[in-house]
Amino acid sequence: MKHESIIVVYDSCQAIAEEIAGMLGAETVSVQSMNNRYVENSQSFVLAVEYQEDGQLTPHWQYAFQTFCSANLSGKTFAVFVALGKNHDYGVSKKLCSGLKQSKAHIVGEQPNATSPIWNLDKWVCSISPNL
């Protein structure tokens, strides 16, 4: 696997992930494929997090966050947004970012509700891109 600078990780929102990746010159990776090698070989991550109807993370995202948080993320940069799941608990989003920070990750953008009518993907990507 070659060294990648930015990885956009998604579950079922592949179209959004590909749009972001196109803006950033990044690679998209399905959350089901996320493993320690991607974490080690990448410097920046955009996480398009999804929740189930009950407001909890999908099983794939639960596993991915265990993978991220068990690694030393020093020097790694993350932007996190919630792509789907209107009924999620904002505390879960805060907990995820807190877990990444405890593993030494640098968070450059956190958008807890990308389904909000005032949220704009283009503006968000422009705001995070200088820091990725």
Compare every heavy atom of Pro130 with every heavy atom of Ser127, then report the nearest pair and how far apart it is. O-CD, 3.8 Å

Is it possible for you to say whether Tyr10 and Phe78 belong to one hydrophobic cluster, with membership spreading through side-chain heavy-atom contacts below 4.5 Å? no

Do the non-hydrogen side-chain atoms of Val49 and Phe65 ever get within less than 4.5 Å of each other? yes

If you round to the nearest 0.5 Å, how far is CD1 of Ile107 from CG of Asn131? 12.0 Å

Could you tell me whether the side chain of Leu73 reaches within less than 4.5 Å of the side chain of Leu100, counting heavy atoms only? yes

Using side-chain contact (heavy atoms from CB on, under 4.5 Å), reason through Glu19 and Leu121 one step at a time and then give a plain yes or no. CA-CA 9 Å; Glu19 186 174 351; Leu121 179 65; 3.5 Å; yes

Separation of Asp11 CG from Gln32 CD (nearest 0.5 Å): 5.0 Å

Are the side chains of Glu27 and Val8 in contact, using a 4.5 Å heavy-atom criterion? no

Close side-chain approach of Val46 to Leu132, heavy-atom, < 4.5 Å: yes

Apply side-chain contact (heavy atoms from CB on, under 4.5 Å) to the pair Ile7 and Tyr38, showing each step before the final yes or no. CA-CA 8 Å; Ile7 302 286; Tyr38 276 113; 4.2 Å; yes

With a 3.5 Å distance limit and no angle check, can you tell me whether Asn36 reaches the backbone of Val39 through a side-chain donor-acceptor pair? no

Could you give the distance from CG (Leu47) to CH2 (Trp61), rounded to the nearest 0.5 Å? 4.5 Å

To the nearest 0.5 Å, tell me how far Phe81 CZ sits from Ile16 CD1. 5.5 Å

In Å and rounded to the nearest 0.5 Å, what is the OG to NE2 distance from Ser12 to His60? 10.5 Å

Does Val29 offer a backbone N or O that forms a donor-acceptor pair with the side chain of Ser33 under 3.5 Å? no

Okay, side chain of Lys76, backbone of Phe68: is any donor-acceptor separation there less than 3.5 Å? no

When you measure from the side chain of Ser44 to the backbone of Ile6, do you find a donor-acceptor pair of N or O atoms at a distance under 3.5 Å? no

pair Leu57-Glu50: side-chain heavy atoms closer than 4.5 Å: no

Distance from Ser129 atom OG to Leu24 atom CG, nearest 0.5 Å? 6.0 Å

Of all heavy-atom pairs linking Ser30 and Val9, the shortest is C-CG1, 4.5 Å

